[in-house]
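What you see is a predicted model, and the numbers here were worked out from it, not measured in a lab. Residue numbering restarts at 1 for every chain, and letters A, B, ... go by the order of the sequence lines.
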2 protein chains.
Amino acid sequence: MTDADPIKTPLTLDDGVDFAIIEHLFFAYRDFTADPDAILDEYGFGRAHHRVLHFVNRLPGLTVAELLEVLRITKQSLARVLKQLIDDGYIVQIPGPRDRRQRELYPTQKGRDLALALALPQSRRIRAALEEAEPGDSAAVERFLRAMVNPELRAQMDKLPNGRSK
Amino acid sequence: MTDADPIKTPLTLDDGVDFAIIEHLFFAYRDFTADPDAILDEYGFGRAHHRVLHFVNRLPGLTVAELLEVLRITKQSLARVLKQLIDDGYIVQIPGPRDRRQRELYPTQKGRDLALALALPQSRRIRAALEEAEPGDSAAVERFLRAMVNPELRAQMDKLPNGRSK
DNA sequence: GAAATTATGTCAGCCTTATTGACATAATTT
DNA sequence: AAATTATGTCAATAAGGCTGACATAATTTC
């Protein structure tokens, strides 16, 4: 009986849980993804296309298998999205030079342009958020977000180019 | 012709976009949601159930309309998820005292327990991430995440109980 | 050189979470 | 009494995942 009774007091920070950051992450991520979502809509693409396009631009020449590992989705899930991006001329496949079974994935100029257009509002939002911040906050945020990732997956992040790499 | 050519240089920070934080957010949020997702699976629930259960626990007595506004989904999307949570005894509906058309939503003890169980690994992850951090980083992270939210939606966040309440 | 393994592609079917539009009911407001 | 409001429900659709099965070509192994 008592188990079906309504509980009228809210869960609060007193319950030993950091609801503030949990909820801040939820709302921040929602608005963060809303920017590119609006653009993608105009192209008939979704968030899945964005992720593929993004990583192909950040790691040009990566293979299908490598992409699957970064995205942690199945081959069949990737197939539909990747096929569209190729058919529409945003990404091209080139047989691997060593192993000709592999398909190296590269963006076209069209794909590069769209990737940048999608990243721009996100970068703008981040810059605006950091303008209201104290100096050093940027590094703190990056450290925190990195520490939120499973340790065994941090190596993946380190593979991404982080600076002037011609 | 040139438009279909592969581009072999990666997008880097030089392109004027803060890819570091963009990607850190992506990876951090993915692992952050993986924790509760694993628990929800055992109950036959998904992420949608989590969100409903969370906000009903944080704002007990909120109405269906209020919940729709927080979640920004449609009535029809909420219906299925909410019905399951009610049928399974995690949430109860009580006719609004003023307006008997309204249904106030409250968690049961079972619903309170599950909400806490879902929040715990997330809170643990946050605590662990902050242990490696400098003092003051926690506040910096919270400020940053808040600034990432659309200004007009920040008011919604302020409605959530943030401290010792009763 | 034959056999096994690997990288990729593709087909078919299913699930979850979201959407829109339409309509029903009960309660409140005008 | 009529209009509006809060909620519930039905039907159809879409995106983005999933699994399992099978095909093909290229490489590796024996």
Trainee: Calculate the interatomic distance between B/Glu66 atom CD and D/dT5 atom C1'; express it in whole Å.
Mentor: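 Atom-to-atom, B/Glu66 to D/dT5, this comes out as 14 Å.
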
Trainee: Test A/Phe144 against B/His24 for ring-ring contact (aromatic ring centres under 6.0 Å, His included), laying out the working first.
Mentor: CA-CA 9 Å; A/Phe144 169 77; B/His24 275 71; over 10 Å; no

Trainee: Side chains of A/Asn150 and B/Arg125: do they bring a donor and an acceptor to under 3.5 Å?
Mentor: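 Side-chain D/A pair, A/Asn150 to B/Arg125: present.
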
Trainee: Using OP1 and OP2 only, check whether a side-chain N or O of A/Arg103 sits under 4.0 Å from C/dA7.
Mentor: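 Answer no for this pair, as no side-chain N or O of A/Arg103 is under 4.0 Å from OP1 or OP2.
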
Trainee: Using the salt bridge (charged side-chain N to carboxylate O under 4.0 Å, His left out) rule, take A/Arg146 and A/Asp158 through it: C-alpha gap first, then chi angles, then the decisive distance, then the call.
Mentor: CA-CA 10 Å; A/Arg146 183 186 166 78; A/Asp158 295 333; 3.1 Å; yes

Trainee: So what's the dot-bracket for DNA chain C: Watson-Crick or G-U pairs under 3.5 Å, [ ] if a pair crosses, | if it pairs off-strand?
Mentor: ||||||||||||||||||||||||||||||

Trainee: In whole Å, I'd like the distance from the CG atom of A/Asp37 to the C1' atom of C/dT19.
Mentor: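 Spelled out: CG on A/Asp37 to C1' on C/dT19 is 14 Å.
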
Trainee: Are the aromatic rings of A/Phe32 and B/Phe26 close, with centres under 6.0 Å apart?
Mentor: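 So the answer is no for these two rings.
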
Trainee: Distance check needed: C/dT8 P versus A/Arg80 CZ, whole Å only.
Mentor: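 So the two atoms are 19 Å apart, to the nearest Å.
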
Trainee: Applying a 4.0 Å non-hydrogen cut-off, can you work out what A/Arg47 is touching in the nucleic acid: base, sugar-phosphate, or nothing?
Mentor: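 Contact class for A/Arg47: sugar-phosphate only.
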
Trainee: Using whole Å, report how far CD of B/Gln84 lies from P of D/dT9.
Mentor: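 That distance rounds to 13 Å.
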
Trainee: Under the 3.5 Å rule, do the base of C/dG9 and the side chain of A/Gln76 count as making a donor-acceptor pair?
Mentor: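 Under the 3.5 Å cut-off, the side chain and the base do not form any donor-acceptor pair.
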
Trainee: For the pair made of CG in A/Leu40 and C1' in D/dA14, what is the distance, rounded to whole Å?
Mentor: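 To the nearest whole Å, that distance equals 16 Å.
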
Trainee: On DNA chain D, does the nearest nucleotide to A/Ile73 precede the nearest nucleotide to B/Ala65 from the 5' side, or the other way round? Give the residue.
Mentor: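 With A/Ile73 and B/Ala65 compared, the 5'-side residue is B/Ala65.
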
Trainee: For residues B/Leu62 and B/Val56, determine if any side-chain heavy atom of one lies less than 4.5 Å from a side-chain heavy atom of the other.
Mentor: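 Touching, per the 4.5 Å side-chain cut-off.
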
Trainee: Is A/Arg124 salt-bridged to B/Asp18, cutoff N-O under 4.0 Å?
Mentor: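 The answer is no: the pair does not qualify as a salt bridge.
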
Trainee: Atom NZ of A/Lys75 to atom P of D/dA21: distance rounded to whole Å?
Mentor: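 After rounding, the gap between these two atoms is 13 Å.
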
Trainee: Can A/Asp87 and A/Lys83 be counted as an ion pair, charged N to O under 4.0 angstrom?
Mentor: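 Answer for the salt bridge query: yes.
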
Trainee: Can you tell me if the side-chain N/O atoms of B/Ser77 get under 4.0 Å from OP1 or OP2 in C/dT17?
Mentor: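 Answer is no, no contact under 4.0 Å.
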
Trainee: With no angle test and no hydrogens, is the base of D/dG8 tied to the side chain of B/Lys83 by a donor-acceptor pair under 3.5 Å?
Mentor: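 No such pair is found, so the answer is no.
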
Trainee: What is the separation between atom CD on A/Glu69 and atom C1' on C/dT8, rounded to the nearest whole Å?
Mentor: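 Rounded to whole Å, this separation is 16 Å.
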
Trainee: Can you check whether B/Leu53's main-chain N or O pairs, donor with acceptor, with B/Asn57's side chain at less than 3.5 Å?
Mentor: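 At least one qualifying donor-acceptor pair exists.
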
Trainee: Can you see which heavy atom on A/Ser123 is nearest to which on B/Gly16, and at what distance?
Mentor: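 Taking every non-hydrogen atom into account, OG-O, 3.9 Å.
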
Trainee: Distances under 3.5 Å only, N/O to N/O: pair up the protein atoms with those of nucleotides 25-30 of chain C.
Mentor:
{"residue": "C/dT28", "atom": "OP1", "partner": "B/Arg100", "partner atom": "N", "Å": "3.1"}

Trainee: From C/dT8, C/dT19, C/dA18, pick the nucleotide closest to the side chain of A/Gln102?
Mentor: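 Side chain of A/Gln102 sits closest to C/dT8.
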
Trainee: Quick one: label B/Gln93 by what it contacts on the DNA or RNA (base, sugar-phosphate, nothing), any heavy atom closer than 4.0 Å.
Mentor: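 Sugar-phosphate contact only.
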
Trainee: Can you tell me how far P of C/dC15 sits from CZ of B/Phe45, to the nearest Å?
Mentor: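 After rounding, the gap between these two atoms is 18 Å.
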
Trainee: Can you confirm whether or not the ring centre of B/His49 sits under 6.0 Å from the ring centre of B/Tyr90?
Mentor: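 B/His49 vs B/Tyr90: aromatic centres not under 6.0 Å.
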
